[in-house]
Amino acid sequence: QVQLVESGGGLVQAGGSLKLSCVASGRTISRYIMGWFRQAPGKERQFVSAIVRNGGGAFYEDSVQGRFTISRDNAKNTVYLQMDSLKPDDTGVYYCSADYSSSYSGTCYYTERPEGCDYWGQGTQVTVSS
């Protein structure tokens with residue numbers, strides 16, 4: 001079992017920045033491809049970004065490419081999401097997740113099927129005002 005706890009959300013003006021953290025316990029995250037989804041009110045959970053086990057590859061949803069940066073520190077069992085140039089459309093609850101698939105193409109991130117992820121955090125609210 002892996003427990004994931006997100007933090008770092010909050011209220012920010014458009015153009016501002018936030019850095020989300022996801023701390024894992026129970027097992028080392030080095031076993032997992034890690035990622036972030038977000039969910040806006042009334043909408044389905046949407047893929048945001050993912051990072052492979054050794055941090056050597058990262059993937060982004062088109063609308064956040066160039067503005068968001070995902071990273072991980074396996075020694076600290078933590079995943080980060082640096083969010084810059086935030087827009088009101090980035091508003092939502094951000095969820096950290098873990099996927100045990102052997103390759104990225106088999107993950108819930110690549111397929112954009114959140115129900116396929118193995119573990120979830122409770123989410124952290126991000127609100128971007130215009």
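This chain uses plain numbering: 1 for the first residue, then up along the sequence. Owing to the predicted nature of the structure, the values given are computational and were not obtained by experimental measurement.
- Applying the ring-ring contact (aromatic ring centres under 6.0 Å, His included) definition to pairs two or more places apart or across chains, none involves residues 71-98.
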Could you tabulate the donor-acceptor pairs under 3.5 Å formed by side-chain atoms of residues 11-26, not counting sequence neighbours?
residue: Ser17; atom: OG; partner: Asp84; partner atom: OD1; Å: 2.7
residue: Ser25; atom: OG; partner: Gln3; partner atom: OE1; Å: 3.4

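- Under the side-chain hydrogen bond (donor to acceptor under 3.5 Å, both in side chains) criterion, Ser71 pairs with no residue, sequence neighbours left out.
- Summarising the geometry of Gly35 relative to Ile70, their closest heavy-atom pair is CA-CD1, 4.3 Å, with the distance given to 0.1 Å.
- Arg27 has its side chain within reach of Tyr119: a pair of non-hydrogen atoms, C-beta onward, lies under 4.5 Å apart.
- With a 4.5 Å cut-off on side-chain heavy atoms, Val5 and Gln122 count as touching.
- For the residue pair Thr127 and Gln125, a side-chain donor N or O sits within less than 3.5 Å of a side-chain acceptor on the partner.
- Residue pairs satisfying the disulfide bond (SG atoms under 2.5 Å apart) criterion with at least one member in residues 28-84, sequence neighbours excluded, are absent.
- The minimum heavy-atom distance between Asp73 and Ile29, with the atom names listed, is O-CD1, 4.3 Å.
- Thr28 has its side chain within reach of Asn77: a pair of non-hydrogen atoms, C-beta onward, lies under 4.5 Å apart.
- The minimum heavy-atom distance linking Asn74 with Arg72 is given by the pair OD1-NE, 2.8 Å.
- In this structure, the salt bridge (charged side-chain N to carboxylate O under 4.0 Å, His left out) partners of Arg38, at least two apart in sequence or on a different chain, are Asp90.
- With sequence neighbours excluded, the residues satisfying salt bridge (charged side-chain N to carboxylate O under 4.0 Å, His left out) with Arg113 are Glu115.
- Listed by chain and residue number, nothing satisfies the side-chain hydrogen bond (donor to acceptor under 3.5 Å, both in side chains) test with Thr111 (two or more places apart in sequence, or in another chain).
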Which atom pairs, one a donor and one an acceptor, fall under 3.5 Å between side chains of residues 50-59 and the rest of the protein, sequence neighbours left out?
residue: Arg53; atom: NE; partner: Arg31; partner atom: O; Å: 2.9
residue: Arg53; atom: NH1; partner: Ser101; partner atom: O; Å: 3.1
residue: Arg53; atom: NH2; partner: Arg31; partner atom: O; Å: 3.1
residue: Arg53; atom: NH2; partner: Tyr100; partner atom: O; Å: 3.2
residue: Arg53; atom: NH2; partner: Ser101; partner atom: O; Å: 2.7
residue: Asn54; atom: OD1; partner: Gly56; partner atom: N; Å: 2.8

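- Ring centroid separation for the pair Phe68 and Trp36 does not come in under the 6.0 Å cut-off.
- Between the side chain of Gln39 and the backbone N or O of Lys43, at least one donor-acceptor pair lies under 3.5 Å.
- The two atoms that bring Cys117 and Phe37 nearest to each other are SG-CE1, 3.7 Å, heavy atoms only.
- A search for side-chain contact (heavy atoms from CB on, under 4.5 Å) contacts involving Tyr110 returns Tyr104, Ser105, Thr107, not counting sequence neighbours.
- Residues in residues 40-82 take part in no disulfide bond (SG atoms under 2.5 Å apart) pair, two or more places apart or across chains.
- Residues Lys87 and Arg67 are in side-chain contact: their nearest non-hydrogen atoms beyond the backbone lie under 4.5 Å apart.
- Looking at Cys96 and Met34, their side chains come closer than 4.5 Å, going by heavy atoms from C-beta outward.
- Residues Pro88 and Ser130 meet the side-chain proximity criterion, which asks for heavy atoms closer than 4.5 Å.
- Minimum heavy-atom separation, Leu81 to Ser49: CD1-CB, 4.2 Å.
- Side chain to side chain, Ser97 and Tyr32 fail the donor-acceptor criterion of an N or O pair below 3.5 Å.
- Every residue two or more places apart in sequence or in another chain that forms a side-chain contact (heavy atoms from CB on, under 4.5 Å) with Thr69 is listed here: Tyr60, Gln82.
- For Arg45 (side chain) and Ala40 (main-chain N/O), no donor-acceptor pair under 3.5 Å exists by modelled atom type.
- Summarising the geometry, atom CZ belonging to Phe47 is positioned 8.5 Å from atom OH belonging to Tyr109; distances are rounded to the nearest 0.5 Å.
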